[in-house]
Structure formats: structure tokens, C-alpha cells
Colleague: 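Here you go, one structure.
Reminder, nothing fancy here: chain letters follow the sequence lines and each chain counts from 1.
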Number of protein chains: 2
Amino acid sequence: MTIKDIARLAGCGVATVSRVLNGQPDVSPRTRERVLAVVAEHDFRPNSNARRLKQRADTAVPVLVQGTQNMLFAGLVEQVQAHLRDHGRQAALYYLDEDADGAAFAARLCRERRPAGILFLGGTARAFQRSFAAVTAPCVLLTGSARELGFDNLSSLTTDDEAAAFQAASYLLDRGHRAIGVLGGSRPLTQIGLRRLAGLERAFGSRGLTFDLDRRWEPCRYDLEGGYEAARRLMERCPELTALFTMSDVTAMGAIRALGDLGLRVPEDVSVMGYDGIPMARYCVPRLTTICQDTGLMARRGVELLLERMDRGGPPVYETAPFRLQEGESVADLRQSGKRGS
Amino acid sequence: MTIKDIARLAGCGVATVSRVLNGQPDVSPRTRERVLAVVAEHDFRPNSNARRLKQRADTAVPVLVQGTQNMLFAGLVEQVQAHLRDHGRQAALYYLDEDADGAAFAARLCRERRPAGILFLGGTARAFQRSFAAVTAPCVLLTGSARELGFDNLSSLTTDDEAAAFQAASYLLDRGHRAIGVLGGSRPLTQIGLRRLAGLERAFGSRGLTFDLDRRWEPCRYDLEGGYEAARRLMERCPELTALFTMSDVTAMGAIRALGDLGLRVPEDVSVMGYDGIPMARYCVPRLTTICQDTGLMARRGVELLLERMDRGGPPVYETAPFRLQEGESVADLRQSGKRGS
DNA sequence: CTCTGTTCCGGAATCGTTTCCAGTTCCACT
DNA sequence: AGTGGAACTGGAAACGATTCCGGAACAGAG
């Protein structure tokens with residue numbers, strides 16, 4: 001069953017059928033109706049492979065996601081997919097694993113499918129640089145900043161990480177915490193890690209304090225095991241800590257488990273501040289005090305930015321999304337309890 | 001840059017280039033080498049849309065996933081994608097939301113792409129029946145059973161749910177629990193829910209007890225909120241319960257939060273048994289005692305089953321995967337503590 | 001030298017669309 | 001009635017691969 005058959009059955013040419021199927025003008029209502037009737041009767045769907053071949057570009061938008069375990073992305077994926085669908089487009093999802101293999105595979109795929117635009121969910125700018133620098137189609141990076149890279153095809157939309165980290169650190173400092181450890185990021189630091197640490201240091205600085213980066217920062221992968229291992233290492237090195245600032249909620253949960261295994265209670269002995277605001281943060285034990293990223297906004301705006309540039313071109317844009325500190329039960333107020341000063 | 005350009009540069013015909021690219025015989029080593037050199041020099045990739053058009057089938061395998069929040073599927077997705085890649089194929093992921101809209105959209109898409117096979121991760125057989133009954137390509141359903149449906153294109157691979165529920169219930173009964181509530185499934189019961197409840201009832205029956213389905217079973221969505229709400233409803237209706245058997249770890253975590261909000265401790269006041277064995281089960285507080293599904297096996301075998309039937313045809317098969325009860329800290333032994341008998 | 005068979009090769013048809021372009025119809029207006 | 005233009009229509013040429021099929025080259029046998 002092809003467009004040709006439909007044309008024959010409807011008594012018209014293939015060009016007319018194509019026009020009807022694509023909602024183009026220049027078709028009389030009478031003809032349109034007749035064609036639609038035949039299409040409906042046979043439940044006909046045009047072959048998308050042929051369509052894409054002719055149109056020389058894939059209407060599906062590849063969405064490349066960094067890892068499957070960070071639940072922040074699970075929510076983003078769902079919303080991105082929905083927004084793309086609202087715009088009559090499809091999301092083609094790919095999960096990249098840590099290794100370069102996955103990125104290379106995805107890059108090859110992008111060459112073959114010839115997409116008109118790509119959406120990145122997370123992932124370091126460095127990885128992008130390595131595998132996708134040759135891509136000319138417009139791209140958008142969510143939860144990461146591309147401003148510093150200056151690619152002429154990569155926009156980005158990220159939470160105002162410096163301000164968020166400032167507020168998170170201030171929240172801890174205000175509650176009497178001084179010995180604060182930081183969990184997250186990789187060595188060497190990515191842009192996003194740099195900005196978060198900058199916010200943290202500003203919070204310390206504004207109170208006349210300094211943050212001992214070398215001792216009290218521990219890089220870690222953004223998953224449970226990463227948080228667990230990093231927290232153990234950090235607490236072993238700095239047993240004096242009264243609070244941990246983690247760069248993701250999943251990491252925070254791994255850290256909480258590590259603290260528990262070390263016989264430390266959260267938040268009575270050690271406080272934990274999360275980052276992301278995934279749904280789980282409001283259900284886990286204890287509930288996480290965390291920085292909520294606005295995934296709804298990011299998904300909507302990210303898709304908008306991408307489609308806009310796919311349609312009309314223009315230079316890449318760099319935007320920041322608002323955030324909100326959500327209080328849970330994972331941070332203790334040392335001024336009241338008076339336990340373990342430092 | 002097309003195959004024609006390559007042919008021109010290599011001084012041969014397009015047919016020869018195509019043969020080389022697809023590793024077919026009937027090409028002299030000399031020519032093959034020359035073509036490969038040109039291909040490598042220009043980093044040429046054949047247009048996959050044209051290829052698929054001619055071959056009349058998409059090599060990508062649609063993978064339809066039920067919801068983004070159930071982390072069991074996150075792991076499965078990752079492994080399925082990897083296995084498909086090992087077989088030289090690509091996964092095309094689609095997340096279905098609860099509403100019929102998503103399923104209808106996915107179904108339309110599957111018709112358009114004309115895939116040679118489809119993989120379902122979770123999802124009720126009922127949903128399949130509604131939207132995909134017309135699909136003739138072989139399909140495989142993971143974590144769900146299709147045996148009872150008798151479609152001639154739908155294989156399935158599921159944990160031996162009856163046996164798993166039997167073991168889980170026995171575990172609780174052995175530790176002195178009698179007032180056990182069940183969280184999960186939907187009304188009316190799906191095949192998978194039926195089998196799990198059957199296993200549970202068998203465990204009760206083997207001890208001369210009966211399970212009061214009407215009072216002590218509460219259906220719920222497989223996410224945090226679903227578990228939370230259902231646990232509250234159930235505990236309100238049956239405050240005498242000493243244990244909850246939930247049909248997913250995520251649900252269990254929602255339930256644990258609900259119990260906490262009701263002032264009940266886990267496991268001291270109420271025990272919770274999970275199902276799935278997601279990574280989070282070993283990190284959350286308290287660690288979950290749960291039924292581990294073998295996602296590694298399911299992903300590998302699921303892909304095998306699908307590709308096998310795509311290549312060689314044959315009738316659908318129905319297999320079960322092994323499971324393992326993993327002990328955490330969410331179940332109390334009433335015989336020792338002697339608290340709250342029932 | 002002729003014949004047969006194998007190996008290698010390239011032209012051309014094909015897949016199912018979209019889109020260009022030329023042609024037809026039809027209507028309103030001089 | 002004649003004309004201009006808009007609205008509509010359908011044939012045919014792409015799009016970029018795969019694959020059928022016939023032909024060329026060459027070897028060995030008779």
C-alpha cells in the first residue's frame with residue numbers, strides 16, 4: 001500500500017495525495033476529502049524512510065542522555081519527548097555510557113541520520129567537543145553551559161549554578177556549619193563544577209571564611225555508587241566535617257548510605273545538601289534539603305531554543321534557569337542543637 | 001557526498017562501492033582496497049534513509065518503555081541498548097506515559113517506520129492488545145507475560161512471578177508476620193498481578209492461612225507517589241498490618257515514606273518487602289529486602305529472542321527468568337523482637 | 001584456436017516519497 | 001466573448017542507496 005495506490009483509488013495523481021497528506025494548500029476541498037476518505041479506509045501511513053530520503057533530513061530530533069542512573073534526566077527526557085511531540089516532532093533517544101565508545105557510536109549515528117538538530121541532556125562539554133565538534137546542525141545542551149566553548153552551533157540552558165551553590169552554601173553556613181565537604185564533579189573540573197565551587201567560595205568569602213578545596217572537595221560520579229565511595233573517602237580524610245554539599249541528589253543518597261554505614265546519623269551527626277530536586281528527594285529517608293532545578297522550564301525552553309534555531313538559524317544562545325532551595329530534613333541547625341561545632 | 005561520488009573517485013561503478021560497503025563477495029581485493037581508501041579518506045557514511053527505503057525495513061528496533069520513573073527499566077534500557085548495538089542494531093527508545101495518547105502515538109510511529117521487530121519493556125498486555133494488535137512483526141515483552149494472550153507475534157520473558165511472590169510471602173510468614181498487606185497492580189488485575197497474588201496465596205495456603213484480598217490488597221501505580229498514596233490508604237484501612245509486600249522497589253520507597261509520615265518505623269513497626277532489586281534498594285534507608293529480577297539476563301535473552309525471530313521466524317516463545325531474594329534491613333523478625341503480633 | 005565457466009564489474013531499475021513545472025479549469029472582470 | 005489570474009492537478013524528476021542482470025576478462029580444457 002503506497003501513495004500510488006491511494007492515488008489510483010482516489011482517482012487523482014500522487015502529487016495531490018502527497019499534498020493532502022502534508023496539509024499543503026492548492027487542493028480543492030472535494031479532492032482533499034476524497035483522498036482522506038481513502039487514506040482512512042485503508043489506514044494508510046506514508047513510508048517515513050522514503051519521506052526522509054526525499055526531504056534530506058530526519059525530522060526526529062536525537063536526544064543524547066548522559067547515563068541512565070541519574071533520575072534528573074529521567075524527568076527531563078519525559079518532558080522533552082512530550083514537548084517535541086507537541087511540535088509535531090519525535091525524540092530519538094540515546095543513552096551514552098561513560099566510555100568513549102558510546103559517544104563515538106552516537107556520533108556516527110548522527111552522521112548517518114543527518115538530523116537537523118541535536119539535544120544533549122547533561123554530559124560534559126568536553127565530551128561534546130571530542131565527538132560532535134564536526135556537527136554543523138544546531139545543538140542545545142541542557143544542564144550544562146557552553147558559553148565558554150564558543151561553538152557556533154551549541155546553545156545551552158543551565159541552572160544558575162553559581163548562585164545556586166552560593167545559596168546552598170549560605171544555607172549551611174547560616175546554620176552554623178563551617179567544616180563543609182563537597183562531593184561531585186570530576187578532575188579536572190568542568191565548567192559546571194567550576195561555577196558551583198565558585199558560588200561556594202563566594203559564600204565562604206562573604207563571611208570572611210575560606211574553603212579548603214584540596215582537602216574538602218572529592219570528585220565523584222553522578223550515581224549511587226559514586227556518591228557512596230566518594231563520601232567514604234572524604235569522611236575518612238576529613239572526619240571533622242559536619243556537612244556535605246553534594247552535586248546531585250542521587251549522589252547525596254549514596255553519601256547518606258555511606259554515612260549510615262560509618263555509624264553517622266543524618267542530619268544529627270552530618271548534614272547533607274543535595275542538588276537537582278528529583279522526585280525521590282521528597283520521599284527518601286531523610287527527605288533531602290536540595291536545590292531544585294526547574295526541569296519543566298528547561299525541557300520546554302530547551303526544545304524551543306532548538307526548534308527556533310533549526311527553523312530560523314541565528315547564533316547560539318546561553319540562558320540560565322531559575323532554581324529553588326527546597327527544605328527537607330537532611331540538614332541540621334547547629335545553632336540550636338549545639339552539637340559538634342568545628 | 002554520495003555513493004556515486006565515491007564510485008567516481010575510486011574509478012568504479014556504484015554497484016561495486018555498495019558491495020564493498022556491505023562486505024559482499026564478488027569484488028577483487030585490489031578494487032575493494034581502493035574503494036575503502038576513498039571511503040576512509042572522505043569519512044563517508046552511506047545515507048541510512050536511502051538504505052532503509054531500498055531494503056524496505058528499518059534496522060533500528062523500537063523499544064517501548066512504560067514510564068520514566070521506574071528505575072528497573074532504566075537499567076534494562078541501558079543493557080538492551082548495549083546488546084542491540086553488539087548485534088549491529090540500534091535501539092529506538094520511546095517512553096509511553098500512562099495515557100492512551102502515548103501508546104497511540106507510538107503505534108502510529110511503528111507503522112510508519114516499518115520496523116522488523118519491537119521490544120516492550122513493561123506495560124500491560126492489555127495496552128499492547130489495544131494499540132499493537134495489528135503489528136505483524138515479531139515482538140518481545142520483558143517483565144510481563146504474554147502466554148495467556150496467544151498473539152502469534154508476541155513473545156515474552158518474565159520473572160517467575162508466582163514463585164517469587166511465594167518466596168517473598170514465605171519469607172514474611174516465616175518471620176512471624178501474619179497481617180500482611182499488598183501494594184501494587186491495577187484493578188482489574190493484570191496477568192502479572194494475578195500470578196504474584198497467586199504465589200502469595202499459595203504461601204498462605206501452605207501454612208493453612210488465607211489472604212484477605214479484598215481488604216488487604218491495594219492497587220497502585222508503579223512510582224513514588226503511587227506507593228505513598230496507596231500505603232496511606234491501606235494503613236488507614238488496616239492499621240493492624242505488620243508487613244507490606246510491594247510490587248516494586250520504587251513503590252516500596254514511597255510506602256516507607258508514607259509509613260514514616262504516619263509515625264511508623266520500618267522495620268520496627270512495619271516491615272516492607274520490595275520487588276525488582278534496583279540499585280537504589282541497596283542504598284536507601286533502610287536497605288530494602290527485595291526480590292531481585294535478573295535484568296542482565298532479561299536484557300540479553302530478550303534481545304536474542306527478538307533477533308532470532310526477526311531473522312528466522314517461528315512461533316512466539318514464553319520464558320521465565322530466575323530471581324533471587326536479597327536481604328536488606330526492611331523486614332523485621334517478629335519471633336525475636338516479639339513486637340506487635342497479630 | 002575455440003569453447004566453457006568463473007570471477008569481477010557497471011548500467012539501470014527500483015524502493016516510496018516530495019516537489020518542480022507545465023498544463024488545465026474556472027471564475028471575475030472588462 | 002475575451003482575457004488575466006488564481007486555483008488546482010498530475011506527470012516526471014529527483015533523493016541515495018541496493019540489486020538484478022548482462023557483459024567483459026581471463027583461465028583452463030579440448
Side-chain angles (χ1 to χ4, degrees), chain A residues 1-39 42-60 88-90 108-116, chain B residues 1-39 42-60 88 90 108-116 137:
Chain A
M1 180 60 63
T2 76
I3 207 177
K4 212 178 268 181
D5 300 314
I6 301 295
R8 191 168 37 75
L9 292 170
C12 65
V14 291
T16 302
V17 175
S18 175
R19 275 187 287 258
V20 170
L21 288 173
N22 294 314
Q24 287 174 7
D26 292 341
V27 177
S28 70
R30 232 178 67 81
T31 311
R32 184 179 300 272
E33 200 176 336
R34 206 170 58 237
V35 170
L36 286 177
V38 175
V39 166
H42 294 80
D43 196 17
F44 169 77
R45 295 289 161 207
N47 181 312
S48 62
N49 291 320
R51 174 186 295 222
R52 281 197 299 271
L53 168 60
K54 182 62 188 168
Q55 290 177 334
R56 322 192 55 158
D58 204 328
T59 54
R89 292 184 172 271
Q90 222 185 85
R108 199 191 65 175
L109 164 149
C110 284
R111 307 269 324 275
E112 284 182 6
R113 291 248 175 183
R114 296 163 215 239
Chain B
M1 181 61 63
T2 75
I3 206 176
K4 212 178 267 179
D5 299 314
I6 300 296
R8 191 168 37 76
L9 292 170
C12 64
V14 291
T16 303
V17 176
S18 175
R19 275 187 287 257
V20 169
L21 288 173
N22 295 315
Q24 288 173 6
D26 291 340
V27 177
S28 70
R30 232 178 68 81
T31 312
R32 185 181 298 274
E33 201 176 336
R34 207 169 59 238
V35 170
L36 286 176
V38 176
V39 165
H42 294 79
D43 197 18
F44 169 78
R45 297 285 161 211
N47 181 311
S48 60
N49 291 322
R51 174 185 295 222
R52 282 196 296 272
L53 168 60
K54 181 60 185 171
Q55 291 177 333
R56 325 191 58 157
D58 203 330
T59 54
Q90 228 184 80
R108 200 191 65 175
L109 165 148
C110 283
R111 306 274 320 276
E112 284 183 5
R113 292 247 174 184
R114 289 155 222 248

Colleague: Which heavy atom of B:A137 sits nearest to which heavy atom of B:P115, and what is that distance?
Modeller: CB-O, 3.7 Å
Colleague: Is there a side-chain contact between A:T31 and A:R34 (heavy atoms, below 4.5 Å)?
Modeller: yes
Colleague: In sequence, state the C-alpha distance, the side-chain angles, and the governing distance for B:N47 and B:T2, and then conclude on side chain to side chain contact (heavy atoms under 4.5 Å, CB included).
Modeller: CA-CA 8 Å; B:N47 181 311; B:T2 75; over 6 Å; no
Colleague: For A:D43, enumerate each residue passing the side chain to side chain donor-acceptor pair (under 3.5 Å) test, keeping only those at least two apart in sequence or located in another chain.
Modeller: B:R111
Colleague: Are any side-chain N or O atoms of B:R52 and backbone N or O atoms of A:N49, one a donor and one an acceptor, separated by less than 3.5 Å?
Modeller: no
Colleague: Quick check on B:Q24: does its CD atom have over 12 non-hydrogen neighbours (other residues, nucleotides or ligands) under 6.0 Å away?
Modeller: yes
Colleague: With a 4.5 Å heavy-atom cut-off, do B:V38 and B:H42 have their side chains touching?
Modeller: yes
Colleague: Quantify the bending of the helix from C:dC1-D:dG30 to C:dT30-D:dA1 as the angle between its end axes, each fitted on five pairs, to 10°.
Modeller: 50°
Colleague: Hey, which of A:L21, A:N22, A:V14 is the one that makes side-chain contact (heavy atoms from CB on, under 4.5 Å) with A:S18?
Modeller: A:N22
Colleague: Taking all heavy atoms of B:A7 and all of B:V17, pick out the closest pair and write down the distance.
Modeller: CA-CG2, 3.7 Å
Colleague: Using the 3.5 Å cut-off, write out each protein N or O paired with an N or O of nucleotides 23-27 of chain D and the distance between them.
Modeller:
none

Colleague: Taking heavy atoms of chain B and a 4.0 Å limit, find me the 5'-most and 3'-most nucleotide of DNA chain C within that range.
Modeller: C:dC8 to C:dG16
Colleague: If every non-hydrogen atom of B:G23 is compared with every non-hydrogen atom of B:R32, which pair is closest and at what distance?
Modeller: CA-NH1, 4.2 Å
Colleague: Extract from the structure each pairing of a protein N or O with an N or O of nucleotides 18-20 of chain D at less than 3.5 Å, listing the distance.
Modeller:
from, atom 1, to, atom 2, distance (Å)
D:dT18, OP1, B:N22, OD1, 3.3
D:dT18, OP1, B:N22, ND2, 3.0
D:dT18, OP2, B:S18, OG, 2.5

Colleague: What residue pairs, at least two apart or across chains, pass salt bridge (charged side-chain N to carboxylate O under 4.0 Å, His left out) with a residue in residues 5-28 of chain B?
Modeller: B:D5-B:R8
Colleague: State, to 0.1 Å, how close A:F44 and A:I3 come at their nearest heavy-atom pair, and which atoms those are.
Modeller: CZ-N, 3.7 Å
Colleague: Does any part of the side chain of B:V39, heavy atoms only, come nearer than 4.5 Å to the side chain of B:R45, both counted from C-beta?
Modeller: no
Colleague: Whole angstrom is fine here: how far is it from CG in A:D26 over to P in D:dA6?
Modeller: 12 Å
Colleague: Using a heavy-atom cut-off of 4.0 Å across all strands, would you classify A:S48 as base, sugar-phosphate, or nothing?
Modeller: nothing
